[in-house]
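To start, the structure under review is shown below, and the notes come after it.
Both backbone and side-chain heavy atoms feed into the values below; hydrogens, waters and symmetry mates do not. Reminder, nothing fancy here: chain letters follow the sequence lines and each chain counts from 1. These numbers were taken from a predicted model, which means no experiment stands behind them.
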Amino acid sequence: MSKELAKTYDPKGIEDSLYKKWIEKKYFHAEPDKSKKPFTIVMPPPNITGQLHMGHALDNTMQDILIRFKRMQGYNALWQPGTDHASIATEVRIIDTLKAQGISKEELGREKFLEKCWEWKKEYGGRITSQLRKLGSSCDWDRERFTMDEGCNKAVNEVFVRLYDKGLIYKGHKMINWCPVCRTTISDAEVLHESQASHLWHIKYKIIGTDDYLTFATTRPETMLGDTAVAVNPEDDRYKDLVGKKVMLPIMNREMPVVADDYVDMEFGTGVVKITPAHDPNDFELGKRHDLEVINIMNDDGTINENGGKYAGMDRYEARDAIVKELDEMGLLVKIEDYTHEVGIHDRCHTTVEPLVKEQWFVRMDELIRPAVEGVKNGEIRLVPDNMEKTYFNWTDNIRDWCISRQLWWGHRIPAYTCSKCKEMIVSKTAPKVCPKCGHTEFEQDPDTLDTWFSSALWPFSTLGWPENTDELKYFYPTDVLVTGYDIIFFWVIRMIFSGYEQMGKEPFRTVLFHGLVRDAKGQKMSKSLGNGIDPLEVIDKYGADALRFMLITGNAPGNDMRFSYEKVEAARNFANKIWNASRFILLNMEGKTVKRPGDDELAPVDRWILSKMNRIVSDVTENMEKYELGVAAAKIYDFIWNELCDWYIEMVKPRLYNSDDAVSQNAALYTLKKVLIASLKLLHPYMPFVTEEIYCTIKEETSDGGMDDSIMISKWPEYDKGLDFPRDEKSIEMIKEAVKGVRNARSAMNVPPKKKAEATVVSADNEVLESFKTGELYFKALINAPEVTYSNDKSGIPDDALSVVTGNATVYIPLAELTDLSEEIARLEKEEKRLQGELKRSNAMLSNEKFLAKAPESKIAEEKEKLASYEKMMEEVKERLSSLKG
RNA sequence: GGGAGUAUAGCUCAGCCGGGAGAGCGUCCGCCUCACACGCGGGAGGUCACGGGUUCGAGCCCCGUUGCGCCCACCA
């Protein structure tokens with residue numbers, strides 16, 4: 001018995017139960033199997049603090065489309081999911097929660113704090129993955145991983161020790177980026193630059209032994225507390241004499257040298273720079289060259305420390321104001337200029353980052369990055385779209401060592417231990433038992449944790465079991481595609497690439513498919529602070545996951561940002577409903593009938609036409625998808641289903657379905673409908689998994705011919721079939737379509753009431769053309785609303801006042817004397833005449849161009865000649881018709 | 001200061017190898033035609049940002065200009 005299909009497709013309820021079925025049947029699960037080719041995608045692990053947003057929805061829809069496509073193509077498809085501990089994001093979150101309870105993390109202590117973190121993970125870590133399920137994501141949940149699970153933890157320690165032993169990880173005093181709010185170091189990649197309106201303060205220091213002053217400009221007057229020199233350019237004649245002299249640092253009353261260094265730009269400001277080696281990267285370098293003292297004047301929270309004298313304890317910005325005021329009072333403030341400059345801010349909390357010198361852990365990049373550069377250069381790894389390579393190389397070419405230590409508690413603790421007796425440092429995967437130097441047995445582990453990206457860099461192989469040499473690792477690595485946003489290319493993509501080459505000796509993935517941002521309808525970035533974010537779950541609830549997925553994929557090219565709009569969601573929802581109803585129609589007509597494979601001669605030309613069209617769509621869509629042109633493929637499927645299958649084929653086939661006298665013809669139509677529908681559903685399935693599955697399973701129940709799978713998601717992807725190529729039928733049906741469109745247009749232009757039936761005569765000198773029309777008479781009559789159609793080789797007997805529809809192959813006459821205003825018919829034909837004139841002009845110009853004839857390809861010339869002949873014929877008809885109407 | 005984008009219908013965007021400008025939404029006209037009004041049929045609407053160039057032929061390729069955002073960058 002057939003299932004009753006509702007008139008309107010309602011995704012609610014259906015989606016969840018289908019997803020449950022897929023899970024129960026283990027369709028998402030993949031095991032290494034040498035007899036099949038693997039296809040692997042590792043999911044960019046969402047943060048455990050995260051809530052599903054449109055970016056995730058887009059990212060995961062793309063991955064699901066690819067994995068479902070490949071699975072249907074017969075690959076052993078693994079989509080490896082998991083979540084990221086997101087060290088800083090999570091820690092900040094938990095600190096906030098504690099703060100609300102009046103507790104600080106220090107009060108709680110490290111151990112208790114970590115317990116809270118794990119509690120949080122337990123409670124909220126599954127939230128985002130359950131939201132991903134709502135999207136229809138077909139990932140292998142049995143293999144779900146977490147960046148801080150036991151295996152990933154092992155991988156992290158393994159990599160750390162390996163790199164340390166190779167000298168690629170080191171500890172050193174360097175200039176780092178410090179976030180005074182998060183109170184941790186951050187990497188260069190985490191620093192954003194923001195243009196800020198500020199001032200340039202011109203200040204002067206007294207030159208010792210003279211009455212003169214040296215004037216300079218600074219954007220950070222408060223750092224003067226840590227000044228240890230003043231610098232000028234060695235070539236600068238204005239200051240040559242002063243080099244080697246000393247100036248007096250006011251407030252601190254410190255004598256400092258005037259040094260000469262190329263770094264100083266003579267053109268900028270006064271050509272003099274104050275030097276604060278502890279708080280400016282350039283000054284730090286300059287300080288090293290001139291052996292200057294490094295005086296840190298700042299505490300970790302951004303307040304001035306004891307080195308700042310009386311300003312100790314004051315916030316950095318309060319200190320700035322106070323110091324400027326004091327300098328002014330001392331008569332040392334020359335002037336204040338408005339000045340806009342770039343300020344580094346922390347990407348998480350947007351606090352102005354403080355450059356500081358601290359002892360931290362770093363990954364030496366120069367050597368590690370080489371294979372990563374090579375791999376992309378030689379095409380082992382392909383970036384899509386390929387212009388991302390520029391961005392990639394820009395980063396690799398200017399790479400600096402990666403600061404990996406964080407003053408956070410939630411994360412992988414650095415596996416470095418210090419002997420509490422002799423202070424020997426041991427880097428080891430597990431805590432050492434005995435100090436190799438002094439034999440002592442007590443150690444202190446480094447308190448810092450690793451940058452969260454250190455563990456995600458290992459994700460493509462750590463999730464497959466590395467450092468164990470598992471079957472999964474051997475079988476699924478390297479993975480095939482990585483799908484991600486272009487915004488994390490530096491954080492993640494590059495780091496996975498060099499980690500893969502370093503640890504596995506092989507690239508982590510063969511292709512990186514980048515997508516853009518999902519913006520709001522106005523083009524603004526969706527963000528929590530703007531409150532303009534749209535919750536994908538709400539959209540799913542209202543329109544269905546299929547609609548959301550389809551909306552996100554259509555109408556945008558790889559790497560480009562896109563806008564979210566409900567209009568587009570509605571359009572996608574309407575499309576799902578369209579397929580639903582087309583299927584409903586087909587099922588309705590199949591009811592109670594057994595559809596058999598018809599003989600080749602039983603198929604009507606129109607059947608062969610749609611099969612031929614379908615065949616081409618199958619190969620086009622497959623090709624587009626192989627090339628990651630997901631949006632283009634989606635548009636082609638949409639167009640085929642709606643505009644060819646529904647608007648034309650179903651309408652053309654209706655008269656045959658309603659006429660049960662001709663069982664053979666009816667069967668051929670039903671067979672074709674079913675075949676085309678199933679192929680369409682399969683092509684669409686990666687995009688709209690739910691509605692296609694629901695329909696597919698219903699068809700199966702209806703016919704139970706045994707040739708069908710339990711699920712469309714494990715059914716075979718359609719393939720191009722030479723035997724379904726029918727160019728002649730395509731041509732003849734397109735000709736009839738042209739005539740139908742012409743008649744409809746004419747009727748509409750002449751205001752013929754839609755219900756008014758009118759006979760038609762098809763006139764053509766070509767008997768083959770007439771034959772085609774005759775074969776299609778049943779539907780031709782229905783589509784042009786003619787009770788009767790007659791055929792003739794000439795137009796004798798056609799009344800002068802009939803409507804005439806001129807097409808390239810035939811003219812259709814419709815006597816409508818009583819209904820039409822002749823002058824309107826004349827106007828209509830004159831319009832057509834004008835159009836044809838234009839075409840003839842263009843075509844003639846082309847064909848009379850010697851150079852065109854000489855240089856254009858033959859096929860193009862032949863094509864153009866054919867068009868010209870057709871236009872000439874049409875023009876002749878139109879002219880004749882006009883003269884007889886006017887006469 | 002570098003780099004990579006983008007500019008196409010009223011709006012949002014597609015446009016593969018260079019060969020007669022497309023979609024969705026909106027708009028106008030007409031339809032509750034026995035799958036679907038989340039629909040059907042028919043229209044209107046474009047100097048493909050601007051200026052050069054290559055080519056038989058340019059939305060597409062080359063050079064330049066302008067507008068718009070984006071990324072990167074240690075000139076105080």
Side-chain angles (χ1 to χ4, degrees), chain A residues 5 7-9 175 193 200 216-220 231 263-265 267-276 280-285 339 341-342 344 355 385 387-391 393-395 398 486-487 489-490 516-517 521 523 543 547 551 554-557 559-563 565 567-568 570-589 620 623-624 627 629 631-632 635 638-639 643 646-647 650-651 654 658 741 744-749 751-755 782-783 785 839 842-843 846 849-857 859-860 863-864 867:
Chain A
L5 292 187
K7 192 168 169 178
T8 303
Y9 172 60
M175 183 63 71
H193 294 273
L200 206 48
F216 57 88
T218 179
T219 54
R220 301 203 54 195
Y263 158 71
V264 181
D265 180 354
E267 308 297 319
F268 190 91
T270 58
V272 182
V273 188
K274 73 180 207 45
I275 302 299
T276 322
D280 182 279
N282 295 310
D283 293 7
F284 181 69
E285 292 304 319
Y339 190 67
H341 64 145
E342 296 290 313
N387 58 34
M388 290 309 296
E389 286 182 11
K390 286 272 187 183
T391 311
F393 291 131
N394 182 47
W395 177 267
N398 299 297
Y486 60 72
D487 50 333
I489 181 167
F490 306 130
L517 264 44
Y543 298 92
M551 175 269 162
T554 41
N556 68 308
N560 281 3
D561 289 355
M562 63 170 307
R563 292 186 197 207
S565 80
E567 287 77 14
K568 282 195 272 184
E570 275 175 28
R573 186 268 321 262
N574 293 353
F575 178 51
N577 191 53
K578 186 74 184 175
I579 308 149
W580 180 257
N581 275 291
S583 308
R584 207 159 65 90
F585 172 81
I586 294 167
L587 283 164
L588 211 69
N589 282 283
D620 282 3
E623 196 184 319
N624 286 131
K627 292 199 295 202
E629 294 163 350
V632 177
Y638 180 97
D639 180 69
N643 301 322
C646 294
D647 287 352
I650 287 183
E651 293 306 320
K654 273 179 180 173
Y658 297 155
K741 280 193 256 187
R744 283 171 168 175
N745 175 318
R747 285 178 60 119
S748 175
N751 293 313
V752 178
K755 281 183 177 162
L783 295 180
N785 204 9
E839 297 289 6
R842 187 193 58 80
S843 198
M846 240 168 137
N849 183 339
E850 294 291 334
K851 287 177 176 173
F852 174 74
L853 294 175
K855 297 197 175 178
S859 63
K860 186 69 200 163
E863 191 187 313
E864 205 52 44
K867 280 182 191 169

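The NZ-P distance, from A:K855 to B:A58, rounds to 14 Å in whole Å. Distance, A:I489 CD1 to B:C71 C1': 10 Å, rounded to whole Å. Summarising the geometry, the separation between CG on A:N624 and C1' on B:C17 is reported as 14 Å, rounded to the nearest angstrom. Atom CG of A:N589 and atom P of B:C36 are 12 Å apart (whole Å). Put simply, CD1 on A:I579 is 12 Å from C1' on B:C36, counting in whole angstrom units. Put simply, NZ on A:K860 is 14 Å from C1' on B:A58, counting in whole angstrom units. Atoms CE (A:M562) and P (B:C70) sit 19 Å apart, rounded to a whole Å. Rounding to whole angstrom units, CG of residue A:N643 and P of B:G22 are separated by 14 Å.
There is a side-chain donor-acceptor pair under 3.5 Å between A:Y486 and A:D561.
OP1 or OP2 of B:A73 lies within a sub-4.0 Å distance of a side-chain N or O belonging to A:H193.
Between B:U12 and B:G69, the two P atoms lie 14 Å apart (nearest whole Å). Nucleotides B:U65 and B:G2 are separated by 12 Å at their P atoms, to the nearest Å. Straight-line distance between the C1' atoms of B:C31 and B:C68: roughly 44 Å, to the nearest whole Å. Using C1' as the reference atom, B:G46 and B:A23 are 14 Å apart when rounded to the nearest Å. Distance noted for atom P between B:G53 and B:G19: 22 Å (whole Å). Using C1' as the reference atom, B:C13 and B:A7 are 12 Å apart when rounded to the nearest Å. Across the C1' atoms, B:A44 and B:C25 are found 16 Å apart, a figure rounded to whole Å. Nucleotides B:G42 and B:C56, compared at atom C1', are 38 Å apart to the nearest Å.
One N or O on the side chain of A:S583 and one on the backbone of A:I579 form a donor-acceptor pair closer than 3.5 Å. A donor-acceptor contact shorter than 3.5 Å links the side chain of A:K568 to the backbone of A:R563. A:N398 places a side-chain N or O within 3.5 Å of a backbone atom of A:N394 that can act as its donor or acceptor partner.
Remark: A:F575 engages A:F550, A:Y638 in a ring-ring contact (aromatic ring centres under 6.0 Å, His included) (not counting sequence neighbours). Residues meeting the salt bridge (Lys or Arg N to Asp or Glu O under 4.0 Å) test with A:E623, sequence neighbours left out: A:K627. By the ring-ring contact (aromatic ring centres under 6.0 Å, His included) test, A:Y339 is found to be paired with A:H341, residues two or more places apart in sequence or in another chain being considered.
The listed nucleotides are B:A76, B:A35, B:G24; the one nearest the side chain of A:K654 is B:A35. The nucleotide whose nearest atom lies closest to any side-chain atom of A:R563 is, among B:C13, B:C75, B:C56, B:C13. Each of B:C71, B:C25, B:A35 was ranked by its minimum atom distance to the side chain of A:E567; first place goes to B:C25. Nearest nucleotide to the A:N387 side chain, out of B:G19, B:A14, B:G5: B:G5. With B:A37, B:G19, B:G24 as the candidates, the nucleotide lying closest to the side chain of A:Y638 is B:G24.
As judged by a 4.0 angstrom heavy-atom cut-off over every strand, A:R744 is placed among residues touching the sugar-phosphate backbone only. No contact: A:A635 has no heavy atom under 4.0 Å from any strand. Counting non-hydrogen atoms under 4.0 angstrom, A:E629 reaches nothing in the nucleic acid. The residue A:N560 sits close only to the backbone: its heavy atoms come under 4.0 Å of sugar-phosphate atoms, none of a base. Across all strands, A:Y339 comes closer than 4.0 Å only to sugar-phosphate atoms, never to a base (heavy-atom distances). Looking at heavy-atom distances under 4.0 Å, A:A557 makes contact with sugar-phosphate atoms alone, never a base. Within 4.0 Å of A:Y486, counting heavy atoms only, lies no atom of the nucleic acid at all. Using a 4.0 Å heavy-atom cutoff across all strands shown, A:N394 reaches sugar-phosphate atoms only and no base atom.
Rounded to the nearest 0.5 angstrom, A:R220 CZ and A:T218 OG1 are separated by 8.0 Å. Between atom CD of residue A:E389 and atom CD1 of residue A:I489 there is a gap of 9.5 Å, rounded to the nearest 0.5 Å. Taken to the nearest 0.5 Å, the CD1 atom of A:I650 stands 4.5 Å off from the CD1 atom of A:I586. Atom CZ of residue A:R584 and atom OG1 of residue A:T8 lie 7.5 Å apart, to the nearest 0.5 angstrom.
A:T270 has its side chain within reach of A:F216: a pair of non-hydrogen atoms, C-beta onward, lies under 4.5 Å apart. Counting heavy atoms from C-beta outward, A:Y658 and A:N589 have side chains that approach closer than 4.5 Å. Residues A:R747 and A:R744 are not in side-chain contact: their nearest non-hydrogen atoms beyond the backbone lie 4.5 Å or more apart.
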I'd like a table of atom pairs between the protein and nucleotides 38-40 of chain B - only N or O on both sides, under 3.5 Å - with the distance next to each one.
residue, atom, partner, partner atom, Å
B:C38, O4', A:N574, OD1, 2.8
B:C38, O2', A:N577, ND2, 3.0
B:C38, O2, A:R573, NE, 3.0
B:C38, O2, A:N574, OD1, 3.3
B:G39, OP1, A:N574, ND2, 3.1
B:G39, O3', A:K578, NZ, 3.1
B:C40, OP1, A:K578, NZ, 2.7
B:C40, OP1, A:W642, NE1, 2.7
B:C40, OP1, A:D647, OD1, 3.4

Could you list, one pair per line, each protein nitrogen or oxygen that sits under 3.5 Å from a nitrogen or oxygen of nucleotides 31-34 of chain B, together with the distance?
none

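When the nearest nucleotides of RNA chain B are assigned to A:K390 and A:G555 by heavy-atom distance, the more 5′-ward of the two goes with A:K390. Taking the nucleotide of RNA chain B with the nearest heavy atom to each of A:P857 and A:N745, the more 5' of the two is matched to A:P857.
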Pairs counted only when both distances fall under 3.5 Å, Watson-Crick or G-U: show me the 5' to 3' dot-bracket for RNA chain B, [ ] for pseudoknotted crossings and | for other-strand partners.
(((.(((..((((.....[..)))).(((((.......))))).....(((((..]....)))))))).)))....

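Of all non-hydrogen atoms in A:W580 and A:K7, the two that sit nearest each other are CD1-O, 4.2 Å.
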